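Only one structure is covered here, and it is reproduced in the block below.
Here is the naming used below: chain letters follow the sequence lines, and residue numbers restart at 1 for every chain. Fair warning: this is a prediction, and the values are worked out from it, not measured in the lab.
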Amino acid sequence: MKDFYLEILHVDKNCGARYGILHTPHGNVEVPMFMPVGTLATVKTLSPEELKEMGAGVILANTYHCSIRPGADIVAKAGGLHKFMNYDGPILTDSGGFQVFSLAENRKITEEGVSFKNHLNGDKLFFSPEVAIDIQEKLGADIIMSFDECMPYPVDYNYAKKSTERTLRWAKRCKEAHKREDQALFGIVQGSDYADLRKMCAEELTKMDFPGYSIGGTSIGEPKEKCFEMIEQSVKYLPFEKPRYLMGVGSLDYILGGIYRGIDMFDCVLPTRLARHGALMTSSGRINIKNEKYKEDFTTLDPKCDCYCCKNYTKAYLRHLHVCDETFGKRLMSIHNVRFLIKIVEGAREAIKEDRFEEYMKATLAAFGDKRGF
RNA sequence: GGGAGGGUAGCGAAGAGGCUAAACGCGGCAGACUGUAAAUCUGUUCCUGAGGGUUCGGCAGUUCGAAUCUGCCCCCUCCCA
């Protein structure tokens with residue numbers, strides 16, 4: 001599709017990090033980027049205007065969840081996700097592949113597709129590559145995903161091989177089913193932590209010539225080094241000029257580590273979920289706002305942050321709102337966590353342009369304290 | 001004045017002779033969260049030198065053993081006058 005392409009403007013001389021502009025039918029966005037997740041056609045507690053102000057380029061919605069509520073046809077009648085949720089920037093939909101994994105107790109996988117039990121009322125559902133594409137065409141996002149299987153970690157080689165080969169066959173079916181010209185369909189590299197499977201999957205997907213490639217099956221409990229290995233084993237077989245999207249990754253060290261290895265796009269529920277639970281990422285580390293020590297802490301959450309929350313409110317106030325379970329607290333903290341990650345990625349872009357990404361990454365992680373792997 | 005029901009950990013509330021430092025909920029404290037079944041989940045919450053020590057309104061009993069049984073006392077709630 002002609003309206004969608006990645007313009008790579010600079011590659012860091014010392015690592016794989018790239019800076020560029022992703023052109024989409026709903027505007028251009030700089031990469032590397034962090035994409036906040038709005039599963040049910042809303043990034044929980046945040047308005048589209050706020051997301052834009054924070055510098056969010058692309059936002060996500062989920063095929064499985066939106067197909068259950070409100071239903072793909074209703075979104076289509078509304079004029080597609082952009083109109084329905086009043087977001088005129090680029091939108092990406094996940095295919096529902098991750099739900100095959102996360103709702104594992106309620107599913108059965110066959111070559112044809114996956115039988116689900118609707119997690120709300122137990123209704124029987126069936127997802128296949130064709131169904132996932134049909135729904136995503138109705139939802140109308142700019143970037144859509146192939147229907148894949150996200151295997152658990154660890155898995156034995158035989159299952160991983162079988163599953164990865166099936167994911168490839170599903171990718172082909174997705175490509176054949178996909179008709180809309182204004183949507184970019186990405187292929188998803190699976191293969192667990194088996195180098196040969198990652199290679200095979202990346203190469204086969206490349207032959208199918210997708211406008212972009214995702215790396216799936218990471219950040220599901222594997223050690224950090226494994227995740228980085230899987231990224232490397234996937235990226236090196238993907239075409240240089242196409243966008244690369246590391247799915248589901250949202251902690252600081254993984255994002256920076258991903259950029260270092262040539263990833264352009266990241267998405268994660270982590271900043272918004274953590275915010276709702278009172279966990280905040282700051283330039284000097286992670287904090288739990290509910291801790292008693294913040295009761296009388298009238299300082300700003302993160303003096304280095306420029307978000308609405310940090311510019312106007314104190315930790316004592318945030319703690320108070322959180323302890324009282326006030327919605328406004330969740331909003332303020334979501335604003336902060338999302339802005340924090342976007343700002344990290346903005347800093348990364350500047351660093352890449354000046355070939356000092358590695359230095360930036362190390363300094364950022366050191367300041368953060370790298371507690372608990374963040 | 002007559003009658004009835006109660007007082008259990010910070011609060012609410014189970015327990016009706018040993019298995020009870022005492023269920024459960026709230027509150028408190030702490031932790032987790034990665035393509036969102038998540039405004040969710042987990043741990044902990046009498047004191048402690050970790051060996052124990054003090055608890056179930058108060059005091060005195062019964063018993064090998066009492067939050068649980070008996071007596072008296074102090075409070076609270078409701079009903080009738």
Side-chain angles (χ1 to χ4, degrees), chain A residues 34-46 58-66 68-69 92-107 116-122 125 132 136 141 143-151 153 186 188-190 213-224 227 245-255 257-258 263 265-281 286-295 319 321-334 337 341 371-374:
Chain A
F34 176 76
M35 311 180 285
V37 179
T39 305
L40 284 160
T42 174
V43 178
K44 294 187 195 302
T45 79
L46 303 180
V58 178
I59 60 175
L60 260 74
N62 183 273
T63 299
Y64 168 75
H65 291 285
C66 287
I68 294 174
R69 290 187 307 196
L92 183 157
T93 45
D94 182 30
S95 62
F98 184 72
Q99 280 61 45
V100 173
F101 164 71
S102 66
L103 304 171
E105 287 159 32
N106 295 331
R107 62 110 215 258
F116 272 91
K117 265 195 201 161
N118 175 330
H119 68 278
L120 295 171
N121 60 16
L125 288 171
Q136 291 188 94
I143 306 170
I144 67 175
M145 292 298 122
S146 298
F147 187 62
D148 66 331
E149 183 194 350
C150 178
M151 291 171 276
Y153 177 89
F186 279 32
I188 303 178
V189 182
Q190 289 291 349
Y213 298 88
S214 307
I215 295 168
T218 68
S219 61
I220 47 172
E222 79 284 4
K224 202 195 295 184
C227 175
Y245 161 34
L246 181 60
M247 307 182 85
V249 161
S251 65
L252 196 55
D253 53 350
Y254 279 61
I255 289 178
I263 300 294
M265 306 158 66
F266 302 85
D267 81 285
C268 198
V269 304
L270 201 59
T272 44
R273 182 183 291 168
L274 287 183
R276 271 176 275 121
H277 298 169
L280 298 161
M281 296 180 264
R286 191 181 132 154
I287 71 166
N288 263 357
I289 199 66
K290 67 182 172 185
N291 287 175
E292 196 171 20
K293 62 184 170 189
Y294 301 118
K295 208 169 189 168
R319 179 182 194 272
L321 293 179
H322 187 259
V323 164
C324 298
D325 198 27
E326 282 290 339
T327 304
F328 190 48
K330 297 178 202 314
R331 293 198 56 227
L332 287 175
M333 295 191 283
S334 294
N337 271 355
L341 284 185
K371 291 171 203 160
R372 287 177 300 249
F374 281 89

message: If I pick the P atom on B/rG43 and the same atom on B/rG49, what distance separates them, to the nearest angstrom?
response: 25 Å
- prompt: Rounding to the closest angstrom, what is the interatomic distance between B/rA23 and B/rC19 at atom C1'?
  reply: 14 Å
field: Phosphate-side-chain proximity, A/N291 and B/rC29, N/O vs OP1/OP2 below 4.0 Å
entry: no
field: Whole-Å distance separating the CG atom of A/N62 from the P atom of B/rA37
entry: 7 Å
task: Pick the P atom in B/rU68 and in B/rG7, then give their distance to the nearest Å.
output: 12 Å
message: Using side chain to side chain contact (heavy atoms under 4.5 Å, CB included), reason through A/L321 and A/L332 one step at a time and then give a plain yes or no.
response: CA-CA 10 Å; A/L321 293 179; A/L332 287 175; 4.0 Å; yes
- request: Could you give the distance separating B/rC59 and B/rC26 at their C1' atoms, to the nearest angstrom?
  value: 34 Å
task: Please determine, for the side chain of A/E292, which listed nucleotide (B/rG28, B/rA30, B/rG35) has the closest atom?
output: B/rA30
message: At 4.0 Å (heavy atoms only), tell me whether A/Q190 reaches a base, stays on the sugar-phosphate, or touches nothing.
response: base
message: If I pick the C1' atom on B/rC80 and the same atom on B/rU70, what distance separates them, to the nearest angstrom?
response: 30 Å
query: Expressed in whole Å, how much space separates the C1' atoms belonging to B/rG27 and B/rC64?
result: 41 Å
- prompt: Between A/T218 and B/rG35, does any side-chain N or O lie under 4.0 Å from OP1 or OP2?
  reply: no
query: Do A/S251 and A/D253 meet the criterion of a side-chain donor-acceptor pair at a distance under 3.5 Å?
result: yes
query: What's the shortest heavy-atom distance between A/Q190 and A/D148, and which atoms?
result: NE2-OD2, 2.7 Å
- request: Give me the ring orientation class for A/H119 and A/Y64: parallel if the planes are under 30° apart, tilted from 30 to 60°, perpendicular past 60°.
  value: tilted
- request: Would you indicate what A/I188 reaches in the nucleic acid, counting non-hydrogen atoms under 4.0 angstrom: base, sugar-phosphate, or nothing?
  value: base
query: Who pairs with A/H322 by ring pair (Phe, Tyr, Trp, His ring centres under 6.0 Å), at least two apart in sequence or on another chain?
result: none
Please list, for nucleotides 38-42 of chain B, all pairs of protein and nucleotide N/O atoms separated by less than 3.5 Å.
| from | atom 1 | to | atom 2 | distance (Å) |
| --- | --- | --- | --- | --- |
| B/rA38 | O2' | A/R276 | NH1 | 3.3 |
| B/rA38 | N7 | A/R273 | NH1 | 3.2 |
| B/rA38 | N7 | A/R273 | NH2 | 2.7 |
| B/rA39 | OP2 | A/R276 | NH1 | 2.3 |
| B/rA39 | O2' | A/D325 | OD1 | 3.4 |

- prompt: Between A/F101 and A/R319, which is nearer to the 5' end of RNA chain B once each is assigned its nearest nucleotide?
  reply: A/R319
Rounded distance in Å between the P positions of B/rA21 and B/rC73: 32 Å
task: In whole angstrom, give the distance that lies between atom CG of A/N288 and atom P of B/rG28.
output: 15 Å
- prompt: Given that both distances must come in under 3.5 Å, which nucleotide forms a Watson-Crick or G-U wobble pair with B/rG12?
  reply: B/rC24
field: Rounded C1' spacing from B/rA30 to B/rC76 in Å
entry: 37 Å
Opposite nucleotide pairing with B/rU36, Watson-Crick or G-U, both atom distances under 3.5 Å: none
query: A/F98 has an atom CZ; how far is it from atom C1' of B/rU34, in whole Å?
result: 8 Å
message: Distance check needed: B/rG31 C1' versus A/L280 CG, whole Å only.
response: 15 Å
- request: In whole angstrom, give the distance that lies between atom CE of A/M247 and atom C1' of B/rU36.
  value: 13 Å
- line: Whole-Å distance, A/N121 CG to B/rA37 C1', equals 12 Å
task: Just jot down the side chain to side chain donor-acceptor pair (under 3.5 Å) partners of A/T93, sequence neighbours excluded, or say none.
output: A/Q136
- prompt: Does B/rU36 have OP1 or OP2 sitting under 4.0 Å from an N or O in the side chain of A/Q99?
  reply: yes
task: Quick one: do A/Y294 and A/N288 satisfy side chain to side chain contact (heavy atoms under 4.5 Å, CB included)? Show the steps, please.
output: CA-CA 9 Å; A/Y294 301 118; A/N288 263 357; 5.6 Å; no
message: Checking base pairs now: Watson-Crick or wobble, both atom distances under 3.5 Å. What partners B/rC56?
response: none
- prompt: Who does B/rC78 pair with, Watson-Crick or G-U, both distances under 3.5 Å?
  reply: B/rG3
query: For the pair made of CG in A/D267 and P in B/rU36, what is the distance, rounded to whole Å?
result: 7 Å
task: May I ask which nucleotide in the shown strands pairs with B/rG31, Watson-Crick or G-U wobble, both distances under 3.5 Å?
output: B/rC41
- request: Let me know the distance between CG of A/D94 and P of B/rU34, rounded to the nearest Å.
  value: 15 Å
message: Please confirm whether the shortest side-chain N or O distance from A/T39 to OP1 or OP2 of B/rU36 is below 4.0 Å.
response: yes
- prompt: Does A/K44 have any side chain to side chain donor-acceptor pair (under 3.5 Å) partners at least two apart in sequence or in another chain, and if so, which?
  reply: none
message: Test of understanding: with side chain to side chain donor-acceptor pair (under 3.5 Å), list the residues that count as partners of A/N62, not counting sequence neighbours.
response: A/Q99
message: Under 4.0 Å, counting only non-hydrogen atoms across every strand here, what does A/T272 touch: a base, just sugar-phosphate, or nothing?
response: base
- prompt: What does A/R107 touch in the nucleic acid at a heavy-atom separation under 4.0 angstrom: a base, only the sugar-phosphate, or nothing?
  reply: nothing
Sugar-phosphate, base or nothing in reach of A/V43, heavy atoms under 4.0 Å: nothing
message: What's the closest nucleotide to the side chain of A/Y254 if the choices are B/rU34, B/rG31, B/rC29?
response: B/rU34
A/E149: salt bridge (Lys or Arg N to Asp or Glu O under 4.0 Å) partners, not counting sequence neighbours: A/R166
field: Any N/O donor-acceptor pair, A/D148 side-chain to B/rG35 base, under 3.5 Å
entry: yes
